[in-house]
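Excluded from the calculations below are hydrogen atoms, water molecules and symmetry mates; all remaining heavy atoms, backbone and side chain alike, are included. Just so you know, residue 1 is the first one in the sequence shown, and it goes up from there.
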Amino acid sequence: MAEAADFPGMTPSPARRWLRRTGALLAGAPLLAGLLQLPASSAHAAEQTLAEAADTGTVAVAVDSLSPSVPTEGDTLTVSGTVTNKGKQTVTDAHVDLRVGSALTTRSAIDSTATRSDDISSSTGSVVGDKYVAEFDKLTPGVSEQFSISVPVDELDLGDGGVYPLGVALSGETSAKPWERVLGVQRTFLPWQPDEADTRTRTTVLWPLISDVHMTAETGSNEQQTPVFLNDDLSAEISPGGRLDQLLSLGKSLDVTWVIDPALLASVDAMTKRYDIVAGDTTTAGEHQAVAGQWLAELQQAVQGKQVVALPYADPDLASLAHSGTSVTGSLNQLKAATDVAASTVETVLHVTPSTDFAWPVEGAVDPSIVKVATSAGADKVIARSDSLTEKGDLPYTPSAARPIGGGTTAVVADSRLSEAFQGDLTKASASTLAVQEFLAQSLSLNLQTDKQRSIVVAPQRMPTAGQAQAMAEAVTALQGGTWSQAQQLTATATAKPDPRAATKVPSRSAYPSSLTKRELPRAAFVDIATTQDRLDNFKVILTDASRVVTPFGRAINREMSTSWRGRTTAASSFRQGVQAYLTTLAEQVKLIQKSELKLSGRSATIPVTVQNNLVQGVNHLVLRLTSTNPTRLEIGGEAYDEQRIEVSGGHSTTVKFTTSAKANGQAAVVAQLYTEDGRAYGAPVTFDVKVTEFTATVMLVIGGGFLLLVLAGFRMYTQRKRAAAREAADNGTAATDPAAETAENAQDSGNGPDAESDVRSGADDPVQPSDGTADTAAESTDPSGTGERVDR
């Protein structure tokens with residue numbers, strides 16, 4: 001009869017399966033008796049060997065779908081999937097059945113079940129009826145077969161509300177072991193809450209729109225300043241089916257809190273107009289304006305009436321800043337700048353007013369330094385995670401998210417189990433299904449812990465993949481359609497009354513995970529940032545329209561601190577060096593033209609110095625200083641150096657002239673240097689030599705001859721006066737008085753009282769001394785010297 005029930009193309013009947021099982025038991029009876037007679041140690045070893053062999057399973061069971069995810073009374077549960085024979089022997093008389101275990105009463109029990117989801121040595125629960133099976137004549141090694149089982153929920157014999165483990169098991173036999181046994185299993189979870197919960201958990205789900213860095217600091221020289229992108233990867237993300245497109249399409253139908261990086265909005269907005277893409281040493285025009293415009297239009301509609309949290313511009317890495325950046329001057333100012341521009345960017349692009357008082361460290365890991373940095377720019381709420389701010393003591397339930405941690409700061413602690421549910425590769429349907437069911441199980445188990453009203457936060461990874469986003473959306477849709485949870489915005493969760501028994505102590509720096517520390521930005525990154533900012537500050541002061549430079553470079557510096565650089569040290573360094581190199585290139589467009597050696601053949605001359613401006617815009621607030629390294633030989637403007645203010649229109653050059661004075665023959669080095677008005681050197685100096693040739697041998701001979709003529713003329717005048725005086729004295733009968741002696745006497749008597757100037761001595765009373773023929777040198781004049789005159793002081 002049993003064989004008569006079998007037809008070609010049909011699976012074996014239950015009767016035939018029963019006969020085979022009975023035969024296998026009878027055949028195995030002697031073997032079992034022999035095992036019972038073995039020594040205890042041998043029997044134990046045999047059991048251990050069998051158990052170890054059974055643990056692995058020879059058939060892989062994958063649950064690709066479970067619908068509905070949260071069944072209610074009257075529903076029919078459908079479980080579909082795939083079984084694959086991984087062994088070397090064909091499995092015969094194979095069938096898949098469903099098995100329901102006892103309700104799991106704790107969240108840790110769910111964790112334990114999830115870690116042994118395919119362990120066939122563990123209990124699989126009670127089989128759900130013989131007729132709810134999928135049968136296979138045989139399973140060939142390496143071949144996969146699909147199955148689908150539908151069973152009324154009433155047949156599952158579920159009790160009160162709770163989380164039930166649901167096992168999907170494949171049983172069969174092989175030629176080597178011709179008796180039926182479980183060869184593969186996959187456990188998942190069945191959340192069961194048929195009636196509405198007395199107290200619903202208020203659940204806040206963060207929906208992040210964050211991406212990598214895409215824009216450079218470079219812009220076009222046109223009026224619109226065409227932006228330049230590192231690559232065209234962003235267009236792929238926002239195109240239909242892309243990661244960001246999936247997040248937007250899925251999130252707009254959910255009641256979630258949008259967490260957005262303003263830099264992403266700015267990048268997509270820039271793509272709606274003309275933009276260029278770096279391609280080696282050249283740039284190509286971007287072509288995805290329509291895609292960018294469509295994505296932004298959909299996002300604008302999606303966020304209307306929803307809460308939007310704006311992160312600081314480019315999502316700066318708060319932990320890296322706290323651990324490595326605070327020792328570098330100016331780093332915190334960059335965080336402040338990124339925070340200040342966040343709200344205006346979101347408002348401009350999305351036309352909504354975002355909340356900017358939330359800080360979100362990587363993976364919600366905090367320590368005192370991170371909290372201090374996170375709140376330094378104005379945020380007073382820090383999104384942490386429960387595996388960082390852990391509970392102490394015997395608290396039997398998960399407390400509300402809001403925790404006062406001192407200084408007016410609130411830690412909004414996300415639940416780590418719910419937040420980490422969608423990590424890993426979820427591209428396979430089986431992995432996605434297991435993630436969704438575990439998430440729902442943890443949420444229901446959390447709700448059943450207590451009748452207290454609590455507010456819980458789900459903070460997933462910053463940049464979910466498209467597969468992860470789909471799993472998240474499926475889980476959140478089921479959760480928000482269930483009977484134990486209700487959606488709530490992040491602001492309401494942050495302001496909810498905190499649980500007095502919840503942990504509020506921020507863990508120490510030593511407790512920060514080393515795995516996260518290894519991926520942080522190094523101190524060198526913040527040194528590079530500070531250097532770039534310093535060069536930008538020195539450059540912008542000379543520009544007539546500084547905003548054309550300050551805005552793109554300021555945002556590029558923000559991007560240098562992005563969390564997205566974690567684990568990409570080489571790429572991050574390359575980006576920083578690129579920003580710095582481009583800034584240097586721009587600054588060097590305002591420069592001094594090199595000069596060759598000059599010859600100065602006159603007593604005074606002018607030296608021309610040219611300043612060239614190759615920028616589009618004009619420059620001012622510059623000072624050009626020309627300095628002589630040897631002022632005793634060559635003076636500039638009567639001093640060692642001279643300065644002149646400089647203004648140059650865009651695309652032009654100007655030449656200024658400096659007056660110089662030669663003091664002696666020879667070569668003197670001259671240095672031309674631009675300075676900003678605050679005295680900081682700008683650009684590289686230009687040094688050139690000036691060869692002074694004013695005092696030639698012929699010139700010296702002429703000067704010497706002239707001086708000799710003056711001396712001779714003076715001597716002749718002196719002798720003539722002396723002779724005239726002698727004749728006059730002879731005529732008057734008196735002795736001649738030597739004028740030179742008289743002058744000497746007056747000079748010597750100048751300090752003898754008020755009447756000294758009128759005291760004139762006669763030659764008879766004071767004979768002339770041989771040395772009195774030369775007058776004393778007159779006192780040095782204190783009047784200003786004439787042009788070119790040298791006065792010894």
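Remark: side-chain polar atoms of Gln193 are not paired, donor with acceptor, to backbone N or O of Leu444 under 3.5 angstrom. A donor-acceptor pair under 3.5 Å is formed between the side chain of Thr375 and the backbone N or O of Val371. A donor-acceptor pair is defined here as one N or O able to donate and one able to accept, closer than 3.5 Å; such a pair exists between the side chain of Ser249 and the backbone of Asp245. Checked by atom type and distance alone, the side chain of Asp415 never pairs as donor or acceptor with a backbone atom of Ser419 at under 3.5 Å. Using modelled atom types, one side-chain atom of Arg187 and one backbone atom of Arg116 make a donor-acceptor pair closer than 3.5 Å. A donor-acceptor pair is defined here as one N or O able to donate and one able to accept, closer than 3.5 Å; such a pair exists between the side chain of Asn85 and the backbone of Gly87. Between the side chain of Asn447 and the backbone N or O of Thr199 there is at least one donor-acceptor pair closer than 3.5 Å. The backbone N or O of Thr398 sits less than 3.5 Å from a side-chain atom of Gln449, completing a donor-acceptor pair. Judged purely by atom type and a 3.5 angstrom limit, Thr390 has no side-chain atom pairing as donor or acceptor with the backbone of Ser386.
Side chain to side chain, Gln488 and Ser455 meet the donor-acceptor criterion of an N or O pair below 3.5 Å. At a cut-off of 3.5 Å, with distance as the only test, a side-chain donor of Ser485 or Thr203 sits close to an acceptor on the other residue. Looking only at atom types and distance, the side chain of Thr78 has a donor-acceptor partner in the side chain of Ser150 under 3.5 Å away. A side-chain donor-acceptor contact under 3.5 Å links Thr124 and Arg99.
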Derivation of the side chain to side chain contact (heavy atoms under 4.5 Å, CB included) call for Gln186 and Ser430: CA-CA 10 Å; Gln186 179 62 67; Ser430 56; over 6 Å; no
Could you go through the side chain to side chain contact (heavy atoms under 4.5 Å, CB included) check for Tyr132 and Leu98 one step at a time? CA-CA 7 Å; Tyr132 303 111; Leu98 304 181; 5.6 Å; no
So Leu156 and Leu190, side chain to side chain contact (heavy atoms under 4.5 Å, CB included) or not? Walk me through it. CA-CA 11 Å; Leu156 298 178; Leu190 197 62; 3.7 Å; yes
Begin with the C-alpha distance, continue with both residues' side-chain angles, and end with the deciding distance and a verdict on side chain to side chain contact (heavy atoms under 4.5 Å, CB included) for Tyr164 and Leu166. CA-CA 6 Å; Tyr164 291 85; Leu166 177 66; over 6 Å; no
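From Thr563, atom OG1 reaches atom CD of Glu363 across 11.0 Å, with rounding to the nearest 0.5 Å. Between the CG atom in Leu206 and the CZ atom in Phe358 there is a gap of 9.0 Å [rounded to 0.5 Å]. Atoms CG and CG, from Asp380 and Asp357 in turn, are 5.0 Å apart once rounded to the nearest 0.5 Å. In this structure, CG on Leu183 lies 8.5 Å from CG on Leu139, to the nearest 0.5 angstrom. To the nearest 0.5 angstrom, Arg501 atom CZ is 5.0 Å from Leu395 atom CG. Between the NE2 atom of His323 and the CG atom of Leu318 there is a distance of 10.5 Å, given to the nearest 0.5 Å.
Residues meeting the ring-ring contact (aromatic ring centres under 6.0 Å, His included) test with Phe189, sequence neighbours left out: none.
Nearest heavy atoms, Thr82 versus Ser144: CG2-CB, 3.7 Å. When all heavy atoms of Leu490 and Gln307 are compared, the closest pair comes out as N-OE1, 3.0 Å.
Sorted by first and then second residue, the salt bridge (Lys or Arg N to Asp or Glu O under 4.0 Å) pairs involving residues 460-469 (not counting sequence neighbours) are Asp315-Arg462. For residues 433-443, the set of pairs meeting the side chain to side chain donor-acceptor pair (under 3.5 Å) definition, not counting sequence neighbours, comprises Ser69-Gln437, Arg107-Gln442, Asp111-Gln442, Ser443-Trp484.
In this structure, the side chains of Asp387 and Glu420 come closer than 4.5 Å at one or more pairs of heavy atoms. Inter-residue side-chain proximity for Glu391 and Pro399 is flagged as met; some heavy-atom pair is nearer than 4.5 Å. Contact check for Ser445 versus Leu104: no side-chain heavy atoms found under the 4.5 Å cut-off. When side chains are defined from C-beta on, Val366 counts as touching Pro507, because their heavy atoms get closer than 4.5 Å. Looking at heavy atoms from C-beta onward, Phe147 lies out of side-chain contact with Leu170 at the 4.5 angstrom threshold. Residues Arg403 and Pro498 form no side-chain contact, since every pair of their non-hydrogen atoms from C-beta on lies 4.5 Å or further apart. Proximity of Arg202 to Arg454: side-chain heavy atoms (C-beta onward) are nowhere separated by under 4.5 Å. Contact check for Val100 versus Trp192: no side-chain heavy atoms found under the 4.5 Å cut-off.
Heavy-atom contacts from other residues, nucleotides or ligands closer than 6.0 Å to NZ of Lys306 number more than 12.
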